Engineer: 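My structure is below; once you've seen it, I'll send some questions.
The figures that follow rest on heavy atoms only: side chains count, while hydrogens, waters and symmetry mates do not. Bear in mind the structure is a predicted one, so any value in this text is a computation, not a measurement. Numbered from 1 within each chain, the chains take letters A, B, ... in sequence-line order.
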Amino acid sequence: MRLKRTVIAASAIAALTLTAACGGGSGSGEDSTGEFKAGGGAGAGKDATAEGPLEIPSDAKKGGTITVLSNNAPHTLDPTRTYYTDSGAIMSGLVTRSLTQYVYDEKSGDSILVPDLATDLGQVSEDGLTWTFELKDGLKYEDGTDVTAEDVVYGIKRSFAVDTLTDGPTYQLTFFKDGDKYKGPFADTDAELKKLPDYDASAGWYGGEDYDGVEADGNKVIIHLAQPFPELDYYASFPVFSPIPKAKDKDPLAYESHPMATGPYKFESYKPGVSLKLVKNEHWDPDTDPGRIQAADAFDFRFAQDTAKLENQILGDKGAAQTMMTYDDVTPPTYKSIKESAPDNLIEGTSPCTYMYRPDQTKIKDKKIREAISWAYPYQAAWKASGEIVGVTIQPGTSLLPPGTAGRVEYQYPKGQDGQTTDPEKAKALLEEAGAVGFELKWHYQRDDENSVAKKDQMVKGFEAAGFKATPVASTDETYRDDESNLDAPVNLRYGGWCSDWPSGGSWFPAQWIGSNANKPGMPNPTNFKEDDADAKQAEILKMDADEVPAAWGEFDKWMQETYMVEINAGYDANAFIKGSQVGGVVNDPVKGMPSFSIMYLK
Amino acid sequence: MTVSEVLIKGGRDPEINPEPSSSEVAGRSPMRIAMDRLRSDKVAMVCAGIVLVFVLIAIFAPLLCKLFGVEVRAGDPVTDTDSFNYPVIGPPNYGFTWEAPLGLEPNSGNDLLAEWFYGARTSLLVATVATIVSTIVGVVLGLIAGYSRGWGDRLVTFATDLFLTLPFLLVAIAVSPMLVERWKENPAMLDNASLIALIVILSVFGWMGLARLIRGEVVSLREREFIEAARVLGMPTHRILFRELLPNLVAPIVVSFSLSLPATIAAEATLAYLGVGVTGRPSWGQTILRAQNWFDEYPLFLYAPIVGIVVLVFALNLLGDAIRDAFDPKSFR
């Protein structure tokens, strides 16, 4: 899953009006280190028998509007395209129900996979190639019409149209039957297929409604696979597996303006990039839903807000601000004041994401140089300069898989690298061994982002101290993402994060480090990592039994780093966000790295 | 002795001289009179002193940093900030220290006094160069437009109007990504390019007002007897422009220069605040941008650059007003 994107342009304009807060003395200078809460094992648990309704907490008041502010803005809210952490949490938590879902379990501080529209977590056939989900009775859309298995099937078919509905998850293309040939329901003539990029007449492409990889049988959804996909029940929690009535999808790109709600809330108004107002969906039946409540009357999302302004509002906790919250990471000054004044309004937890510096394998060929980078990188200085609070919004990282992933193996590579140690001497020695003293490192930074510039200054210092030549390449907030995913960009070190789609390595390695994706435009394999033995190992793991798979990925993580030193771990993402005093049920969902909107209420 | 010198010696229209006439006046040029008047204005002198201090700070920024034992952009976040990213010495959590008189910047640990000194340098460098360039351009084009009847006048007037219609902020914001695209692989070059581009943009958008003013003055002066006389004597045009007309325009030029300098300083800070100004070197506008999030806990961070801008711009404005009063007694308060 991709990290939410930041809208800098909007904040720069909002910043035109200088926001100053009412004065407030700084507290004592005591240095009380923020203690990091281990948020449990991210969603490794499952409960196929969970049943609704979910109990509304006793301190909940019926009614009221919860206002959610953010500096970010979701790219799109089309259920088929939601693949960022923020849009996924909003849609799955409140609006669209999928075949399965996660529910937060207070006892373990963890999210557990439970059924949603389906009666269980799916039945898989003996050969692992057919999955069957049976829908519950009495499921209704916001307009009172019945949810049918055909609608779920149509929703899944829709997700194959990746050229029309871009940016969505793409596991179905790899694992589902004919996933590489079927192009979705929209391109149903040869002429339309020819218009798609990379058209190949001999590949046997087809489109339209006629696809037998997914079929409806009564109230059953049957999925046929090309290769076993033991973790499909996790994937079935994505909004891709939500029902979409074909009659409402006349213009696929406009569907996001009002997706048909099956969850407790429905769209009242949506202005892309600005605001989203959700109101109660009368036709949602709590008895069918083990994961959501409907206590507040409405949710009011306001996007692209100025960070300083929104933090000061929530921090002040006066009047309307008591019912506000944000899902943005807190900035250091606000963290300090809220920790002192109202620690209950600060929510901390884990997020299933790892930040990585990613050397381009085609440009930095010597493994020793890549190891040298991991000793030269100024972890602490770079985090602090970019405004991260170490231990609160970022954690030193070792294994690539973040904590909480099933089967994760904890290891340190290079030996002694605990994810925060900078040792220029070791780096220098490695560079000398490799005969590459003065090796030039080039990476992108955002010239118009003060934090990015400050981080770059620290990196230049760190790399030069270790005997590298450091050449930062200028980019802007506007173009940064495109520059980073440009195959021909004049850099040899990229920066990125990856979040688990579900808590196992299956959503990590085939998605990021499969050789067939190397050297492709858009950089689906961000390090251009392509080694035959690594590819063979991954293919082998995908064929294993479901219960062996997570551990195998954990071992693969260690093997890949020790053999090839593919990535430099720049820390695990962690969450710290703030809320007003009247908002209840705010917990950090460790699976999504977002607040749990589905169980939120007003006190 | 040129015709104009005769005229200047003779004094301009006697009724615009507010001083009670005495026998000494006959020997003083209008410039001299204005300077005398300025010198007796206490506010103007105080402001001139303040501006001088800022100029000295800008020129001797590296020396001052050495004197205070601070270094620009040399902070180490690991040793200079605590676990909340707050500085480990100086305000807001600790008392005043000579190690960092204005404190350290949170997150990066850079010294704020050094940042302030170098910010003054950037501010004054950009504003002075841009104002001088725009003044020269404005004067030259104004002279040409005013003196050449016909197409020359029309052309310059058209260009003036055209530049007045261009939205300054929009152009400044649009140029920034172009520079990045061109020099993205050469960071040092990019920093210089952004400085030069900023000066060019501020100059390009600063000359129109003066050009119009000068044109108007020239149009009214060119029919006067001393110009007619010069022409009859066969004086070449450039000589008429620069030796006869220009000395009569000193007052509006000096006034315009002294008033546009503070405006340019404010514009430089605004652009830096918006992230499209100079990069790679300290600037007050950038410091304000970074400081606003910390205002609640650490107001000094924001106050220092704001006080710098306010005091400098205020002093320059008052000085400009005083200069205008001195040169143009008609607008006496």
Engineer: Nearest heavy-atom pair of B:Ser108 and A:Gln458: which atoms, and what distance?
Structural biologist: O-NE2, 4.3 Å
Engineer: Are side-chain heavy atoms of B:Pro77 and A:Gln380 found at a separation under 4.5 Å?
Structural biologist: no
Engineer: Passes side-chain contact (heavy atoms from CB on, under 4.5 Å), A:Asp448 versus B:Val180? Steps please.
Structural biologist: CA-CA 10 Å; A:Asp448 42 2; B:Val180 176; over 6 Å; no
Engineer: Under a 4.5 Å cutoff for heavy-atom pairs, which residue among A:Pro333, A:Pro378, A:Gly387, A:Ala474 has the most contacts with chain B?
Structural biologist: A:Pro333
Engineer: Search all heavy atoms of A:Arg447 against all heavy atoms of B:Ser194 and return the closest pair with its distance.
Structural biologist: NH2-CB, 3.2 Å
Engineer: Side chain, backbone, both or neither: which part of A:Lys442 has a heavy atom under 4.5 Å from chain B?
Structural biologist: side chain
Engineer: Anything in residues 116-132 of chain B with a heavy-atom distance to chain A below 4.5 Å? Please list those residues in order.
Structural biologist: none
Engineer: Looking at B:Asp76, B:Val276, B:Asn85, B:Leu190, which has the largest count of heavy-atom pairs under 4.5 Å with chain A?
Structural biologist: B:Asn85
Engineer: Considering only heavy atoms, which portion of B:Ala272 lies under 4.5 Å from any heavy atom of chain A: side chain, backbone, both, or neither?
Structural biologist: neither
Engineer: Taking all heavy atoms of A:Pro332 and all of B:Asn107, pick out the closest pair and write down the distance.
Structural biologist: CG-OD1, 3.9 Å
Engineer: Report the distance from atom CH2 of B:Trp294 to atom NZ of A:Lys336, rounding to the nearest 0.5 Å.
Structural biologist: 9.5 Å
Engineer: So if I take each residue of residues 460-472 of chain A and look for any heavy atom under 4.5 Å from a heavy atom in chain B, which residues do I end up with?
Structural biologist: A:Lys461, A:Thr471, A:Pro472
Engineer: Could you tell me which of B:Glu105, B:Glu181, B:Arg73, B:Glu185 has the largest number of non-hydrogen atom pairs under 4.5 Å with chain A?
Structural biologist: B:Glu185
Engineer: Is A:Glu388 in contact with chain B via its backbone, its side chain, both, or neither, using a 4.5 Å heavy-atom distance?
Structural biologist: backbone
Engineer: Is the count of non-hydrogen atoms from other residues, nucleotides or ligands lying under 6.0 Å from B:Phe314 atom CZ greater than 12?
Structural biologist: no
Engineer: How far apart are the closest heavy atoms of A:Lys384 and B:Ser83, and which atoms are they?
Structural biologist: NZ-N, 4.3 Å
Engineer: Just wondering, more than 12 heavy atoms not from B:Lys66 lying within 6.0 Å of its NZ?
Structural biologist: no
Engineer: Check each atom of A:Ser475 against the heavy atoms of chain B and say whether the ones under 4.5 Å are side chain, backbone, both or neither.
Structural biologist: backbone
